[in-house]
Amino acid sequence: MPLHNAEMASVFEQIADLLEIQGANPFRVRAYRNAARSVGEFGKSVPAMIEQNEDVKRIAGIGDDLAAKLREIAATGTCELLTRLRAEMPAAITELLQVQGLGPKRVRALYDALHVQTIEQLREAAEQGLIRTVPGFGEKTQAHILERLEAHAHKSRRFALAFAERDALPLLAHLRTGKGVEQAVVAGSFRRRCETVGDLDILATARDGRAVIEHFVRYGEVRQVLARGDTRSSVVLASGMQVDLRVVEPESFGAALVYFTGSKAHNIAMRRIAQGLRLKINEYGVFRGEDRIAGRTEESVYAAIGLDWVPPELRERHGEIEAAHAHTLPCLIERADLVGDLHAHTRASDGRASLLEMALAARERGLQYLAVTDHSSGADGTRGLDAAHLGRQIDEIDALNRTLHGVVLLKGIEVDILEDGRLGLPDAILERLDIVVGAVHTGFDLPRARQTERVLRALEHPSMSILAHPTGRLIGEREPCDIDLVRVMRRARALGCHLELDAQPNRLDLTDTYCRMAKAEGVLVAIDSDAHDSAGFDDLRYGVDQARRGWLETKDVLNTRGLDALRPLLRASASRLERTS
DNA sequence: GCCGTTTTCGGCCCGACTGTTTTCAGTCG
């Protein structure tokens, strides 16, 4: 069973945790954490690179030693250092680091004094009042540990971005009613439009920080106040979401916004550049000695160190710093660039609106065309169309298009890709369509080779236009299927097929990394709503967010094309255009 | 353990808050 990057990264993470608890050199620990992150996020399969004798030292943070360890992990599944660390210290102890407020030093102290190794033992020790007897711990710390354990048990690790928005927007509205509040914005992973966020980081500007903090903790949804100072505070909302607020003076807004938007790796890279220029960046500004030379706006902060302003979605230390320096940052796609949608459902399958309702809703949102792609029959758990029913829908759409103004419906289908790679409807009916969107709805757990062959075969079908939600993942619910998307992309490009970025907030499939790979491979991405009712079109913006994280520009996205430019790019209609001309 | 516009050694981002202290360590972001 071949390893994945995530598993290799996990070995490094475990080593970092154990080293840290043992009190190792913090920079060595950081080296393992940096390496874990680079490997985990690396676009290509690291085990495959090793197999093909590619140099893994070109991955950021990998030097001679860690390259050797990667090869060792690829060969054996683990590495000798981790085995040795586990022999010296119970491996389960690292789970204690997940409890908020417990870091390596305290975990070590509790282990040495009380032999606490697990969450359960920690709870028992706290309930029996033993924690406060350990040097450096007291009543309050013991009580906090019990509280945080409670939170730990209930907390789902991360929230979908759309879920976080439901907390963020009313909270911002509350903050803005505070006396003396000039600005209040969400920073952090929310602003970078990560598909999930662990907490909300809010930045406000005001002269009197304390007053803003007091106003903040009085917000009705606040269930628990974790910290409250003069310039920052942390609370937990009723939804379980943690919110961190920072208040700075308006002169520092730009610097603080850069700082709290992150990512951490992006900030560290910026500070290193500043160091080289004998400047210092912190959340209050850019400083030469005591003089603040920038900080009111983000642009001023980037400019002070010779960089173009970087869109938040790119701030992941994935090459954006170099691009900002060379003035080669991409001009990222925006929602308004989408002029159509190529994947939507109606009541004919599992949608909740009629053809006409969907057409009007699409037009209302500025779309010039909408592909109607109901499910084919046989899809698990969904009502679908057989050939006869689809034939009637085709006639219905033709009739409707004669009366519609300002929007055109394209005749399409979301057809099942069967386990052997055939499509779930006869060729004769597929040939009558403008667009064929193929999707895997069963057999998500096929082995990698079979899953890949299955999809490659489907792409070969002459009517196939777009591969929908290519990995099938549902965030927090279903893992992506195991498939070699590089091969899929290369074949798609050769055949004139396209890959979808399904914009539903719990799908966002393709991921940002795969979007970037698609761009590199020259495959167009279709950002589709997969709408099941008229409100579903509003999800397109999440797809655009994800596409921006994947460095996509207007030219990289299929449905930025007007209808005339689009038709020849859809194989189904292209082949018919050829026949009729 | 990595890395180089201080390049093979000596650095490695920086500040706020809390609790347990009695001037600071630990944790977090």
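Chain A is the first sequence line, chain B the second, and so forth, proteins listed ahead of strands; every chain is numbered from 1.
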Original post:
Below 4.0 angstrom from OP1 or OP2 of dC28(B), is there any side-chain N or O of Tyr259(A)?
Top reply: no
**OP:** Round to the nearest Å and state the distance from Phe27(A) atom CZ to dC14(B) atom C1'.
**Re:** 12 Å
**OP:** Mark yes or no for whether Arg158(A), through its side chain, and Thr196(A), through its backbone, hold a donor-acceptor pair below 3.5 Å.
**Re:** yes
**OP:** Indicate whether OP1 or OP2 belonging to dC12(B) is found under 4.0 Å from a side-chain N or O atom of Gln275(A).
**Re:** yes
**OP:** Whole angstrom is fine here: how far is it from NZ in Lys57(A) over to C1' in dG1(B)?
**Re:** 13 Å
Subject >> Interatomic distance where CZ belongs to Arg272(A) and P belongs to dG10(B) [whole Å] >> reply: 17 Å
**OP:** Report which part of the nucleic acid Pro135(A) touches: base, sugar-phosphate, or nothing (heavy-atom distance under 4.0 Å, all strands).
**Re:** nothing
**OP:** Name the nucleic acid region contacted by Lys264(A), choosing base, sugar-phosphate or nothing; use a 4.0 angstrom heavy-atom cut-off, strictly under.
**Re:** base
**OP:** Scan Asp244(A) against the nucleic acid and name what it touches under 4.0 Å (heavy atoms): base, sugar-phosphate only, or nothing.
**Re:** sugar-phosphate
**OP:** In whole angstrom, give me the gap between the C1' atoms of dC13(B) and dT22(B).
**Re:** 29 Å
Original post:
Within a radius of less than 6.0 Å around NE2 of His174(A), do more than 12 heavy atoms belonging to other residues, nucleotides or ligands occur?
Top reply: yes
Original post:
When you check the phosphate oxygens OP1 and OP2 of dG15(B), does a side-chain N or O of Lys280(A) lie under 4.0 Å from one of them?
Top reply: yes
Original post:
Once you round it to whole Å, what is the distance between C1' of dG26(B) and CZ of Arg148(A)?
Top reply: 13 Å
Original post:
Roughly how many Å is it from CD1 in Ile202(A) to P in dG29(B), rounded to a whole number?
Top reply: 15 Å
**OP:** For atom CZ of Arg478(A), decide whether the heavy atoms of other residues, nucleotides or ligands shown that lie under 6.0 angstrom number more than 12.
**Re:** yes
Original post:
Looking at the side chain of Asp199(A), which of dT20(B), dG29(B), dC12(B) is the nearest nucleotide?
Top reply: dG29(B)
Original post:
At under 4.0 Å between heavy atoms, what does Leu277(A) touch on the DNA or RNA strands: base, sugar-phosphate, or nothing?
Top reply: nothing
**OP:** Check the angle between the aromatic planes of Phe159(A) and Phe163(A) and answer parallel, tilted or perpendicular using the 30° and 60° thresholds.
**Re:** parallel
Subject >> Upstream residue (5' side of DNA chain B) when Asn282(A) and Leu66(A) are each assigned their closest nucleotide >> reply: Leu66(A)
**OP:** Identify whether any heavy atom of Asn267(A) sits under 4.0 Å from a base atom; if not, whether one sits that close to sugar-phosphate; answer base, sugar-phosphate or nothing.
**Re:** nothing
Original post:
Over how many whole Å does the gap from Ile268(A) atom CD1 to dG15(B) atom P extend?
Top reply: 14 Å
**OP:** Between dG29(B), dC14(B), dC2(B), spot the one nearest the side chain of Arg232(A), thanks.
**Re:** dG29(B)
Original post:
Run the side chain to side chain donor-acceptor pair (under 3.5 Å) check on Gln242(A) and Asp244(A) step by step: do they pass?
Top reply: CA-CA 7 Å; Gln242(A) 182 174 325; Asp244(A) 301 327; 3.1 Å; yes
**OP:** Respond yes when some side-chain nitrogen or oxygen of Ser234(A) is under 4.0 Å from OP1 or OP2 of dG29(B), and no when none is.
**Re:** no
